[in-house]
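Everything on this sheet refers to the single structure shown next.
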Amino acid sequence: MTKKIKIGTTEIGGGSPVKIQSMTNVPTSDTERVIAQINALAEAGCDIVRFSVPDEQSAKAVEAIKSRSTVPLVADIHFDYRLALMCIERGIDKVRINPGNIGGENNAAAVAKAARAAGVPIRIGVNGGSLEKGLLEKCGDLPRAMVESAKRHVEILNKFDFDDIVLSLKASSVKTTVEAYRLASETFPYPLHLGVTEAGTTEQGIVKSAVGIGSLLLDGIGDTIRVSLTDDPLREAWAAKLILRSLDMGGDYVEVVSCPTCARTKIDLIPIAEKINEAVSGIDKKLKVAVMGCVVNGPGEAADADVGIAGGDGCAVLFKHGKIIKKIGEAEIIPCLLSEIKKMTDNK
Ligand code: SF4
C-alpha cells in the first residue's frame, strides 16, 4: 500500500478511494475565470484541481483563488523555485515541481523546507518526452529511464528530509506509461498520480486514457487519475468519472446497460438508450437499468438488471430481474422506464 498523503481537505494513497484530477486551461492570473472553472470541475466530479503557475502574477493569484475554491488545489511549476515558494506562502495545497531541475540543491532545499513547514506535499512529474540527457542510453528503455529519473528527484527531496511525495510517470505511449507505473509501484512507497500524457483529442484521448489508467487501476496501482484531453477540462472530469465507474471505483450511480442492436431490433433503440442514460446521469444511487433491443434475448441477457425494457414490434416489455412485468407501447418506453427508475431510486 502507498503512503497516505494529505492534500488540503482530502487524502490520497494508503487505500483511500482513487481521486479525480483535472487542470484549468484559462490564464491563472484571470482569477474570476479560474475560480469559475475550478468550481465547475468540482461540480463535475473533480476531487483535486491543478493550474499552471508560469509567472509571478499567477502565483500572486493563489490566495484569491484558494479562498473561493471548493476543492484542494495544486500549483504546477516548471523550473522557477521562487514561484513554488510564493504559492506555498499563499496557501496552495500541493505543488508539482521537479526538484532536479530548479537550479541546484539550495533551491530544492528551500522548497522542501517551506513545503514541510506548511504541510504541502510535492508531486514529482516525470514526462517520458523530457528526460535528463543520457538517461535513456544508461537505462536501456524508456520505462526504466523514467523510473530512474523519478528516483533522482525523490532522492533530492529525501536528502532534505522531505517525504510527502506523489509521483507521476507519464508518456504519450500507453504501453510505456503502463510499464513505467508498474515499475514505479515496485520501487517507491509514494502515491501515484496516473495519466497518459498528450493523449490527443476527445475520442482518441479517452480510449488511450481508459486503456492505460484502467489497466493500472485493475492491477491495484494508482491513487489519483487525470484524463488528458485536447478538449474542455469538463470532459476530462466526465471521462475520468466513467473510467472509475466502469471499474466499480466511482461510487454509487445508475448504470445503464444497453445492447448493440441487431436485425432483431424492431424499435428505435439508440435514442431511447441515449435519453435514459442522460436522464439518470446525475443520480448517485446504485441501480442497474437495461435497454435491450428484443424480447427474445433482452430480458435473459440483462437478468441481473433491476429494471429494463426489451423491444418488440412497435412495443416493448418492461422487466425486473429478468421477469416480464407488462407490455407497453413504443411511445411509453421512456416515461415508463424513467418512472420505474424514480420509484426504485427514491426508495434507496
Ligand atoms: S438483445 Fe436482441 S436486439 Fe439486442 S443485440 Fe441481442 S439479439 Fe439483437
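First listed ligand is number 1; within each ligand, the first listed atom is number 1.
- Using a distance-only test at 3.5 Å, with no hydrogens or angles considered, a donor-acceptor pair links the side chain of E236 to the main chain of L229.
- In this structure a side-chain-to-backbone donor-acceptor pair under 3.5 Å is missing from S69 to K66.
- Closest to atom 6 (Fe) of ligand 1, if we only count protein heavy atoms, is E301 OE1, 4.0 Å.
- Not a single N, O or S atom of C262, from either the backbone or the side chain, sits less than 2.8 Å from atom 2 (Fe) of ligand 1.
- In this structure, atom 2 (Fe) of ligand 1 lies nearest to the protein heavy atom C294 SG, 2.4 Å.
- At a threshold of 4.5 Å between side-chain heavy atoms, the hydrophobic network of Ile, Leu, Val, Met, Phe, Trp and Tyr places V74 and V126 in two separate groups.
- Near T265, meaning under 4.0 Å from one of its heavy atoms, ligand 1 places the atoms 3 (S).
- Residue N297 places a heavy atom less than 4.0 Å from ligand 1.
- Of all protein heavy atoms, the one closest to atom 4 (Fe) of ligand 1 is C259 SG, 2.4 Å.
- A 4.5 Å side-chain heavy-atom check between C336 and K326 finds at least one atom pair inside the cut-off.
- By the 6.0 Å contact criterion, CZ on R82 is open, its count of non-hydrogen atoms from other residues, nucleotides or ligands being 12 or less.
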